[in-house]
Amino acid sequence: MAVKRIQNRIAGNRLLLPMTSFLALLIFGVAGLAGSQAWKQLPFLAVSVFLMSELNKTHALIRIYSRSISSSFLLLSIIGSFLYPDYSYGLVQLCLVAFYTAMFGAYYSIQSIRRVYFAFLCLGVISGFYVQILFVVPFVWMMMAFSLRIFHFRTWTASLLGLLTPYWFGAVWLFYQSDFRLLTEHFSGILPAGAFFDYDLLSLRQRIITVYLFLLFAVGGIHFYRKKYMDKLRTRLLYQVFATMNLLLWALLVIQPARSDCLIPLVIVNTAPFIAHFVTLTNTRFTNLAFLAIILITFTLIGFQLWTL
């Protein structure tokens, strides 16, 4: 019988998410008293955590009982919320979680058209803040075909309608204002004139957290692909979607670090399932030490963010 180490006992504890949520409220309360605007993320973050929890429960992303995905997502999101306190951080993150909720729900579903429309509606909202997210759309279509098995003419049409819906509403408002310059400027920015590979635009704190997220994704990803034979085929396909999307987002972040305000929250959504899978389903001495190191670094970063407010 496998030894249950600290990481397994914590990851499998039914009080993990309530305790993490209480801690998050405490942290945002302290930040608010210190004058930070990070508390504005709280409503978006609460809905995102709920959807991440339901995503794990509905699709059995971890093959044993655990709240580690939603808890990991919450802790990592807290770190990022201090770097980017604007409401758009929480909104784009919520939209990506809602995108996965709808898209994964469309897997072999007779209601796939409706769900695909809603999923791409969420991507359309994200593109309103970060238009370059449209570059990932062809890859999403490929994932619909090969991972989710839901790509056909009607779902493709639904995806286009979903993407266009936010712009239709925006165009109506611009027509009322008799000024379409905002729309043309938005799409002209899909190929920005500069700021490529300019990492001087990132502060030291942003660089540290970006590297930390990449290391978490690398550790979790390597573990998953070494042990994926132990998961069901459906679970492997869903993680393949997470991995592909995260690699695309990392590519965009490497190319255009100036837009880390939109990309970091999206990266966190895709990283949390992998590191949670690693923490929950490993039980060696080395992984237990790695878990303790992850906890220490995470809380150190949160503490440092509070200290520098």
Side-chain angles (χ1 to χ4, degrees), residues 40-41 43-52 55 73 76-77 80-81 83-106 114-144 148 155-156 158-171 173-174 182-192 195 210 213 217 241-273:
K40 292 181 179 179
Q41 310 297 338
F44 299 109
L45 190 54
V47 180
S48 297
V49 169
F50 172 76
L51 291 179
M52 287 291 281
L55 203 63
F73 167 76
L76 294 177
S77 297
S81 65
L83 291 178
Y84 312 104
D86 185 73
Y87 77 95
S88 60
Y89 173 95
L91 182 56
V92 298
Q93 194 172 56
L94 173 57
C95 285
L96 186 61
V97 178
F99 165 82
Y100 284 131
T101 302
M103 191 64 76
F104 288 178
R114 188 184 309 169
R115 294 177 185 272
V116 167
Y117 169 81
F118 179 76
F120 278 83
L121 171 64
C122 294
L123 278 188
V125 173
I126 295 175
S127 72
F129 295 92
Y130 179 62
V131 68
Q132 285 81 7
I133 198 70
L134 296 176
F135 286 126
V136 311
V137 170
F139 297 94
V140 175
W141 287 333
M142 286 190 284
M143 287 186 278
M144 288 169 58
L148 301 176
T155 53
W156 179 74
S159 69
L160 290 178
L161 292 175
L163 280 175
L164 291 173
T165 297
Y167 292 102
W168 286 340
F169 284 102
W173 182 80
L174 292 174
L182 184 62
L183 196 61
T184 56
E185 290 173 1
H186 177 70
F187 282 107
S188 64
I190 197 168
L191 291 174
T210 301
L213 289 173
F217 176 56
V241 174
F242 282 131
T244 304
M245 185 69 83
N246 217 19
L247 290 172
L248 293 170
L249 293 172
W250 276 111
L252 290 172
L253 185 57
V254 168
I255 294 171
Q256 198 181 16
R259 293 315 313 272
S260 63
D261 59 327
C262 286
L263 289 167
I264 288 297
L266 303 182
V267 164
I268 288 171
V269 174
N270 294 285
T271 300

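As the structure is a prediction and not an experimental result, all values here were calculated from the model. Computed over heavy atoms, backbone and side chain alike; hydrogens, waters and symmetry mates excluded.
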>> Quick one, Tyr89 and Leu83 - any side-chain contact, counting heavy atoms below 4.5 Å?
In response: no
>> What I'd like to find out is whether the side chain of Trp141 reaches to under 4.5 Å of the side chain of Phe120, using heavy atoms alone.
In response: yes
> Any idea which heavy atoms bring Thr271 and Leu213 closest together, and the distance?
Replying inline: CG2-O, 3.9 Å
>> Contact between Gln93 and Leu45 at the side-chain level, heavy atoms closer than 4.5 Å - yes or no?
In response: yes
>> Taking salt bridge (Lys or Arg N to Asp or Glu O under 4.0 Å) as the cut-off, I'd like each qualifying pair that reaches into residues 257-268, sequence neighbours left out, listed once.
In response: Arg259-Asp261
> Are Leu148 and Phe104 close enough that some pair of their side-chain heavy atoms sits under 4.5 Å apart?
Replying inline: yes
>> Treating Gln41 as the side-chain partner and Ser88 as the backbone partner, does any N or O pair qualify as donor plus acceptor under 3.5 Å?
In response: no
> What are the two closest heavy atoms between Ile126 and Leu96, and how far apart are they?
Replying inline: CD1-N, 3.8 Å
>> Do Thr210 and Val267 have side chains that approach each other closer than 4.5 Å (heavy atoms only, starting at C-beta)?
In response: no
>> Would you compute the distance between atom CE of Met103 and atom OG of Ser159 and round it to the nearest 0.5 angstrom?
In response: 8.0 Å
> Is the shortest heavy-atom distance from the side chain of Phe217 to the side chain of Asn270 under 4.5 Å?
Replying inline: no
> Hey, is CZ on Phe169 packed in by over 12 heavy atoms from elsewhere, all under 6.0 Å?
Replying inline: no
>> Please evaluate residues Met245 and Val140 with respect to the criterion side-chain contact (heavy atoms from CB on, under 4.5 Å), reporting the C-alpha separation (whole Å), side-chain torsions for both, the decisive distance (0.1 Å), and the verdict.
In response: CA-CA 8 Å; Met245 185 69 83; Val140 175; 3.8 Å; yes
> What are the two closest non-hydrogen atoms of Ile190 and Gln132, and how far apart are they?
Replying inline: O-NE2, 3.4 Å
>> Are there over 12 heavy-atom neighbours, none belonging to Phe139, within less than 6.0 Å of that residue's CZ?
In response: no
> Is there a side-chain contact between Val136 and Leu252 (heavy atoms, below 4.5 Å)?
Replying inline: yes
> Can any side-chain N or O of Tyr100 pair as donor or acceptor with the backbone N or O of Met52 at less than 3.5 Å?
Replying inline: no
>> Could you go through Leu51 and Phe73, starting from their C-alpha distance and side-chain angles, then the distance that decides it, and tell me whether this counts as side-chain contact (heavy atoms from CB on, under 4.5 Å)?
In response: CA-CA 11 Å; Leu51 291 179; Phe73 167 76; over 6 Å; no
> Which residues satisfy the ring pair (Phe, Tyr, Trp, His ring centres under 6.0 Å) test with Tyr84, sequence neighbours excluded?
Replying inline: none
> Can you check side-chain contact (heavy atoms from CB on, under 4.5 Å) on Phe44 and Val97, steps first, answer last?
Replying inline: CA-CA 11 Å; Phe44 299 109; Val97 178; over 6 Å; no
>> Testing the basics here: between Phe242 and Leu55, what is the closest heavy-atom pair and its distance to 0.1 Å?
In response: CZ-CD2, 4.2 Å
> Do side-chain atoms of Ser188 reach the backbone of Glu185 as a donor and acceptor pair under 3.5 angstrom?
Replying inline: yes
>> Test side-chain contact (heavy atoms from CB on, under 4.5 Å) on Ile264 and Leu253; report intermediate values, then the result.
In response: CA-CA 8 Å; Ile264 288 297; Leu253 185 57; 4.0 Å; yes
> Which heavy-atom pair separates Ser127 from Tyr167 by the least distance, and what is that distance?
Replying inline: OG-OH, 2.6 Å
> Leu123 versus Cys95: any side-chain heavy-atom pair under 4.5 Å?
Replying inline: no
